[in-house]
**Q** 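Before I ask anything, here is the structure I am working with.
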Amino acid sequence: MSGFLIGLGWFLLFFGGAIYLAYNRINLLASTIASGSVLFIYTVFGSGNFFWLLLLWLAFALMVIPNLRELRREKITRPALEIYRTMLPSMSDTEREALEAGNVWWDGELFSGMPDWDRLMSFPAPLLSDEEQAFMDGPCAELCAMLDDWDIAHERGDMPPEAWQFIKKHKFFAMIIPKQYGGLEFSAYANAMVIARLSSRSPTASSTIGVPNSLGPAELLLHYGTDEQKQHWLPRLAAGDEIPCFALTSPQAGSDAAALIDSGVVCKQLWNGKQTTGILLNWNKRYITLAPVATVLGLAFKLYDPKHLIGDQDEYGITAALIPTDLPGVEIGRRHYPLSIPFQNGPTSGKDVFVPLDSIIGGPEMAGKGWKMLVELLSVGRAITLPSIAAGGGQAATYASGAYTQIRKQFNLPVAKFEGVGEALARIAGHTYIMNAAVSVTAGAIDQGEKPAVPSAILKYHCTEMGRKVANDAMDVHGGKAIMMGPKNYIGRSYMATPIAITVEGANILTRSLIIFGQGAMRCHPYVLRELHAAQDADTERGLIDFDDALFSHIGYAISNAARSFFLALTHARFSKVPLNTPTHRYYQNINRYSAAFALATDFAMLTLGGKLKIKELLSARLGDVLSCMYLASTVLKHFENQGRRAADLPLVEWSIRTLMYHAQEQLHSFLRNFPNRPVAFILRRTIFPRGRTYYSPSDDLGKKVVELITQSGDSRDRLSAQAFTTLMPSNPLGLLQEALVLSEQLLPLELRLRQAKKEGLIKSDYVGHQIDEAARAGVINAKETAQLRDYHDKVSYLLSVDDFAADDLSRSGANSETPAAVAVTPAASATAGNSTKKKVGKKKTVSKKAAAKKTSKKKK
Ligand SMILES: Cc1cc2nc3c(=O)[nH]c(=O)nc-3n(C[C@H](O)[C@H](O)[C@H](O)COP(=O)(O)OP(=O)(O)OC[C@H]3O[C@@H](n4cnc5c(N)ncnc54)[C@H](O)[C@@H]3O)c2cc1C
């Protein structure tokens, strides 16, 4: 027995010691000395026989060799480098430029397998300046109040002229333009908050305003424009005298945008009466936001110089230039109709349009640098506009659904009380919390100078996907109320709009399958890019030294990740170091665990699949999901801290982290299940999941706590929808719903009294509207209480009602149509009129082909 215990002691010393060294990433020399010392002690005092000791010393010799740098470089690294060079995946210039865009931030820590939480936690909480707050409460709220989405979508097919005027006057298009050029110079955070608020009110407005503040001429000019170009264009753009758009997509080149065939040929022509070197452009673009009303096009095309007028190259590649739309040959004005959200979007074409060379953004020396410019800017812009649109939509859906399901009763209960509805409500609230966290934490990082390319792709994909889930759930919990289109439907149009955000700025399937992990693996991995650069170094001896250093650091890193992965999984990460001792500390530990597991899986995937990983999209996508879930969960933790660690919000934090990390676990499991190299998959599974899959999704009880937060008025509900436009006014359903929710809480004692009276037989009717009268007659409630209940009942009736239309009102021509009365009717008036709204107030204009054509010809004039 004592022999067994001594043997076990030695085993624990060796095995535990190895895990300890690897887990803590002790360097190779120190690890070798420590291992040699233990082996020496074992040889002297242990009871191992000769052959066993020989085996151990041989293993130790293998550990010593990498310490002898010259030897390992010649005998191991040189041949390895030869093989590595033959395995290098082919990479086009455009792919390389996309990979190298932006910088590495928290994503790099997650890739390291050992995230340094201080790096994230030390970022200040993003805040609005006084000026930005005043803009949110002033012009932004005023614009929201001006917008009537039904009117925009069904009456005009556009925002009203006064809204356009207001947008230009208050410089909504100039949030990113510096003050020196007359812009607002807002932070990324403020930009995101404004877009989120607009999105909670009108998808048309948020899309219209989002684009010029994202990837467009202003952003390109700011980063790459010449001084002259900046002085010319930026003040005009800031004042709204110029309306910009950016035209990249063409019929042939959608996701593969670099495959565009639009061309510019360098030539000489007369320009303002002088023979000038310039570019003769021909293009055919589609899907371009703001193109129908644009005065200046940011145009992407391929530049050719067959006569070598600007250099000795025939072809320069993708180039970006600014093209005034009033030049001869430019065609704009026709419109697409994106899923019945009538923001200005349409095709544009140009035939033999001549512009001088200095139309190239950044001047002639930027010829051929267009793609690099675009992907660099996308690395920031993608984190702001679309994720904020999704978050704003989520906030509106949360606010509306929480109140609606409380005032809508079926089976004598608010529908929110039914578990099935509650499950959907919890998803709405939880996903909104995640979107809010991701947007504000990432925008805050951008304001601190980060250009997080991979997180931007994560936000673009996941926020828009979560926005879609929230829109689906909001539809379901509203039932028929969300289906019947009309002025009273505040959910349907956002639901229709969700695929737009999914498709633009890199369609989501592509973003998930190719970009998130593909870019992350190259950019964020601590050694892969170093190895790649070393292998491609023209100075082969320098390349060998760099490659050797990167390779052996990489091997140590992989061993460490295996040890960390195994130990953290075995112990449920209980002993892992975290930055805070708060109720959330376990979530940090779980992210630590998955970071190590993810890093290990990534290394084996790259090692065994090499360049093939690029076409194994589903494997890449799953690893990308694991990375994304860790990133989003980290932002949730940071957001919770940024908001002052409010205990009331803990259910939201737990729901979010559980949902994300459960998904991470499942995706990692699916990755291993589908990994083509089965022996490697087996070893990885034993290392990553030695105790099986132990993480659970949110419990039903947790879901109920989340539902309570959004179905009752209070701080958590308000915080979750902080940017949504909730002002109480007759045309704002969010304000009206909140009013009804608060009344329902205040009047609960009266409602209970009515219920008791019904039980006692004092009132007979089942319908609340009649119960109020009966209760008043029976003296159950006094006159004041009767008025209060009647007022509440009327308000609820209005909010539950839907629109109906005259039969010919829905015909395509819209002839002899009626506009539903609700447009001009206050809640109280509507409620007394009952559910049906049939009052004639004017003729309806639909967005007909005729109207569109008329607008086009007007524009051309
Ligand atoms: C409303 C709206 C506004 C827009 N605004 C602008 C604008 O202002 N300026 C501009 O230049 N463009 C704009 N676009 C274009 C937009 O960027 C493209 O629609 C987008 O890049 C996708 O191209 P596509 O529609 O041709 O889809 P396709 O390229 O045909 O893709 C079809 C599907 O295949 C998937 N896919 C393609 N390749 C891969 C792959 N390798 N791996 C996995 N999946 C893949 C895509 O994800 C997508 O799901 C806009 C589009 C819309 C709808």
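When a ligand or atom number is given, it counts from 1 through the structure's own listing order.
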**Q** With heavy atoms only and a cut-off of under 4.0 Å, state how Glu617 meets ligand 1: side chain, backbone, both or neither.
**A**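 Side chain only.
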
**Q** Looking only at heavy atoms, is any part of Leu514 under 4.0 Å from ligand 1, and if so is it the side chain, the backbone, or both, or is it neither?
**A**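 Leu514 to ligand 1: side-chain contact only, backbone stays beyond 4.0 Å.
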
**Q** Please say whether more than 12 non-hydrogen atoms of neighbouring residues, nucleotides or ligands are located less than 6.0 Å from OH in Tyr495.
**A**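 No - once you tally the heavy atoms of other residues, nucleotides and ligands closer than 6.0 Å, there are 12 at most.
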
**Q** Looking only at non-hydrogen atoms, which of Phe246, Tyr337, Tyr287 approaches atom 14 (N) of ligand 1 most closely?
**A**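 When every heavy atom of Phe246, Tyr337, Tyr287 is considered, Tyr287 comes closest to atom 14 (N) of ligand 1.
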
**Q** Do any N/O atoms on Ile288 end up under 3.5 angstrom from N/O atoms on ligand 1?
**A**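 No.
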
**Q** Quick check: do Ile152 and Arg156 have side-chain heavy atoms less than 4.5 Å from each other?
**A**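 The answer is no; the side chains never approach within 4.5 Å.
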
**Q** Below the 3.5 angstrom mark, is there an N/O of Thr503, backbone or side chain, next to an N/O of ligand 1?
**A**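 N/O-N/O distance under 3.5 Å: no.
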
**Q** Sort out for me which residue in Leu110, Asp107, Leu627, Ile446 forms a side-chain contact (heavy atoms from CB on, under 4.5 Å) with Pro455.
**A**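 So, applying the side-chain contact (heavy atoms from CB on, under 4.5 Å) to Pro455 and each of Leu110, Asp107, Leu627, Ile446, only Asp107 qualifies.
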
**Q** What residue among Val293, Thr348, Leu290 forms side-chain contact (heavy atoms from CB on, under 4.5 Å) with Ile332?
**A**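 Going through Val293, Thr348, Leu290 one by one, the side-chain contact (heavy atoms from CB on, under 4.5 Å) with Ile332 is satisfied by Thr348 alone.
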
**Q** Which bit of Phe343 is near ligand 1, meaning a heavy atom under 4.0 Å away: side chain, backbone, both or neither?
**A**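 Under 4.0 Å from ligand 1, Phe343 contributes side-chain atoms alone.
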
**Q** For atom 11 (O) of ligand 1, decide whether some protein heavy-atom distance is shorter than 4.0 Å.
**A**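 Answer yes: something from the protein, a heavy atom, is under 4.0 Å.
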
**Q** Could you check whether the rings of Phe598 and Phe111 sit parallel, tilted or perpendicular, using 30° and 60° as the cut-offs?
**A**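 Phe598 and Phe111: perpendicular rings.
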
**Q** Taking distance alone, with no angle check, do Leu248 and ligand 1 share an N/O pair under 3.5 Å?
**A**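 N/O-N/O distance below 3.5 Å exists for this pair.
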
**Q** In sequence, state the C-alpha distance, the side-chain angles, and the governing distance for Ser349 and Asn284, and then conclude on side-chain hydrogen bond (donor to acceptor under 3.5 Å, both in side chains).
**A** CA-CA 4 Å; Ser349 59; Asn284 180 23; 5.1 Å; no

**Q** Test of understanding: given a 4.0 Å heavy-atom threshold, classify the contact between Asn345 and ligand 1 as side chain, backbone, both, or neither.
**A**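 Side chain only.
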
**Q** Short list, please: which atoms of ligand 1 are under 4.0 Å from a heavy atom of Ile500?
**A**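 Within the 4.0 Å cut-off of Ile500, ligand 1 contributes 1 (C).
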
**Q** Would you say Thr249 has any N or O atom under 3.5 Å from an N or O of ligand 1, going by distance alone?
**A**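 N/O-N/O distance under 3.5 Å: yes.
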
**Q** Among protein heavy atoms, which lies nearest atom 52 (C) of ligand 1, and at what distance?
**A**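 Checked against all protein heavy atoms, atom 52 (C) of ligand 1 sits closest to Val504 CG1, 3.2 Å.
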
**Q** Fit a plane to each ring of His170 and Phe166, take the angle between them on a 0 to 90° scale, and name the class: parallel (under 30°), tilted (30 to 60°) or perpendicular (over 60°).
**A**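 Geometry flag for Phe166 against His170: tilted rings.
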
**Q** I want to confirm something. Looking only at heavy atoms, which of Ala247, Gly216, Ser255, Gly254 is nearest to atom 28 (P) of ligand 1?
**A**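 The nearest heavy atom belongs to Ser255.
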
**Q** Could you state the interatomic distance from CG (Leu221) to CD (Gln229), rounded to the nearest 0.5 Å?
**A**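 If I round to the nearest 0.5 Å, the distance is 6.0 Å.
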
**Q** Can you name the one residue among Cys463, Ser206, Pro203 that meets side-chain contact (heavy atoms from CB on, under 4.5 Å) with Ile389?
**A**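 Testing each of Cys463, Ser206, Pro203 against Ile389, the sole residue satisfying side-chain contact (heavy atoms from CB on, under 4.5 Å) is Ser206.
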
**Q** Under 3.5 Å between any N/O of Asn508 and any N/O of ligand 1: does that happen in this structure?
**A**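 Among all N and O atoms of Asn508, none is under 3.5 Å from an N or O of ligand 1.
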
**Q** Nearest non-hydrogen atom to atom 47 (O) of ligand 1 belongs to which of Thr348, Ile502, Leu510?
**A**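 Result: the heavy atom closest to atom 47 (O) of ligand 1 is in Leu510.
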
**Q** Please determine whether the number of non-hydrogen atoms from other residues, nucleotides or ligands lying under 6.0 Å from atom NZ of Lys616 exceeds 12.
**A**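 Open.
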
**Q** May I ask you to list the atoms of ligand 1 that are less than 4.0 angstrom from any heavy atom of Ala507?
**A**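 That gives atoms 46 (C), 47 (O), 48 (C) of ligand 1.
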
**Q** Is it the side chain, the backbone, both or neither of Thr289 that has a heavy atom closer than 4.0 Å to ligand 1?
**A**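 Both backbone and side chain.
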
**Q** Considering only heavy atoms of Glu505, which atoms of ligand 1 have at least one such atom less than 4.0 Å away?
**A**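 Ligand 1 atoms under the 4.0 Å threshold to Glu505: 17 (O).
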
**Q** Assess the residue pair Thr204 and Arg493 against the criterion (side chain to side chain contact (heavy atoms under 4.5 Å, CB included)); give the C-alpha distance rounded to whole Å, side-chain angles, the decisive distance to 0.1 Å, and a yes or no.
**A** CA-CA 10 Å; Thr204 302; Arg493 201 167 310 283; 5.6 Å; no

**Q** Give the intermediate values and the outcome of side-chain hydrogen bond (donor to acceptor under 3.5 Å, both in side chains) for residues Ser202 and Asp149.
**A** CA-CA 6 Å; Ser202 161; Asp149 222 40; 3.0 Å; yes

**Q** Hey, is atom 37 (C) of ligand 1 under 4.0 Å from any protein heavy atom?
**A**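 Neighbour list for atom 37 (C) of ligand 1 includes protein heavy atoms (cut-off 4.0 Å).
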
**Q** Tell me: protein heavy atom nearest atom 49 (O) of ligand 1, and distance?
**A**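 Answer for atom 49 (O) of ligand 1: Ile509 CD1, 3.8 Å.
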
